[in-house]
Colleague: 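Take a look at this one; I'll ask things after.
Order of the sequence lines sets the chain letters (A, B, ...), proteins ahead of strands, with each chain counted from 1.
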There are 2 protein chains.
Amino acid sequence: MSTTHEDTEEQNLAYNVFARACVSRGTLEHVTGRWGGLTLGALHEGSMRFNELRRRVDGVSEKMLSQTLHALERDGLVHREAQPTNPPRVDYELTPLGREVAERLMTLIQFVEGRMDDVLAARERYDARRGAR
Amino acid sequence: MSTTHEDTEEQNLAYNVFARACVSRGTLEHVTGRWGGLTLGALHEGSMRFNELRRRVDGVSEKMLSQTLHALERDGLVHREAQPTNPPRVDYELTPLGREVAERLMTLIQFVEGRMDDVLAARERYDARRGAR
DNA sequence: CCGTATCCTTGCAGATACTG
DNA sequence: CAGTATCTGCAAGGATACGG
């Protein structure tokens, strides 16, 4: 290993996580996307059925919920348990991995949520400056 | 404060953070969005100029970078330092609040990044099942 | 060098209707 | 109940050109 450009590569790592070619990019988008986060949040409270989830997630359509659930299931964050009864009953729940991801996501969300007064204040300052100019 | 429906409200809090009407929703989208996370990541390494940032953030257009930077600045996560020299020089850096947000975002990203082998394995299992049916 | 303004394309998401 | 299929709009995003 060469040592001359080592720190350059380390620096690259931090933002390349988001680079287009990065493998984790897709999963991250499922998690942080419009409905992914919401779904993980709801499921973080416990196992839930499709329509139950649909009612809890404000504004999601059947299509989007279905799509989101499939993506999260494919990534191994959500487990789908279908009982072949009639009428059908399907339960969704977080996998252990999904729970860990959801927890870290919640940490971020709750931090931002807790600092919204700062954000709102910053916005007012920004808008005031903009308006003045 | 009433105590009868307290836990219901606590539960609501967890997913309502993502609800449409929620104030923090906008900021969260700036942070977790396509270019917001990337920009925060790059800036987490230190102060940077516009074109420097543009070169580092893989695939971003001038328009999107500009837009992203404005959104983050307005939310008080990024500070813009313009020197009225010629040619102009503008530096962007994280505010203390921005640094805290970036750190929590990084925690999430790096966790997912570190578990991508699990995710990839889950995907193969999922696709194999799908293909079989 | 640091952006904004404009046009134009594409892909995501909503609505609706239908199936097992 | 638990979804899939299709159509359509609209807005995010890319390319390009120009301004301070």
Colleague: Do the side chains of A:Val57 and A:Val90 join up, straight or via other hydrophobic residues, at under 4.5 Å, putting them in one cluster?
Modeller: yes

Colleague: Nearest whole angstrom, please: distance from the C1' of D:dA12 to the CG of B:Leu65.
Modeller: 16 Å

Colleague: Check whether the side chains of A:Thr27 and B:Arg123 place a donor and an acceptor atom closer than 3.5 Å, and report yes or no.
Modeller: yes

Colleague: Rounded to whole angstroms, how far apart are CE on B:Met48 and P on C:dG3?
Modeller: 14 Å

Colleague: Taking the side chain as C-beta and beyond, is there a heavy-atom pair between A:Thr107 and B:Thr107 under 4.5 Å?
Modeller: no

Colleague: Is it true that a side-chain atom of A:Thr95 and a backbone atom of A:Gly76 form a donor plus acceptor pair closer than 3.5 Å?
Modeller: yes

Colleague: Rounded off to whole Å, could you give me the CG-to-P distance for the B:Asn86 and D:dG19 pair?
Modeller: 17 Å

Colleague: Verify the neighbour count for atom CD of B:Glu52: are there more than 12 heavy atoms of other residues, nucleotides or ligands below 6.0 Å?
Modeller: yes

Colleague: What is the separation between atom CZ on A:Arg34 and atom C1' on D:dC10, rounded to the nearest whole Å?
Modeller: 12 Å

Colleague: Give the B/S/- string for nucleotides 1-6 of chain D, one per nucleotide from 5' to 3', where a protein heavy atom under 4.0 Å of the base yields B, of only the sugar-phosphate yields S, and otherwise -.
Modeller: BSBB-B

Colleague: Can you tell me the distance, in whole Å, between the CE atom of A:Met64 and the C1' atom of C:dA15?
Modeller: 12 Å

Colleague: Verify the cluster assignment for B:Tyr126 and A:Leu72: are they in a single hydrophobic cluster under the rule of side-chain heavy atoms below 4.5 Å apart?
Modeller: no

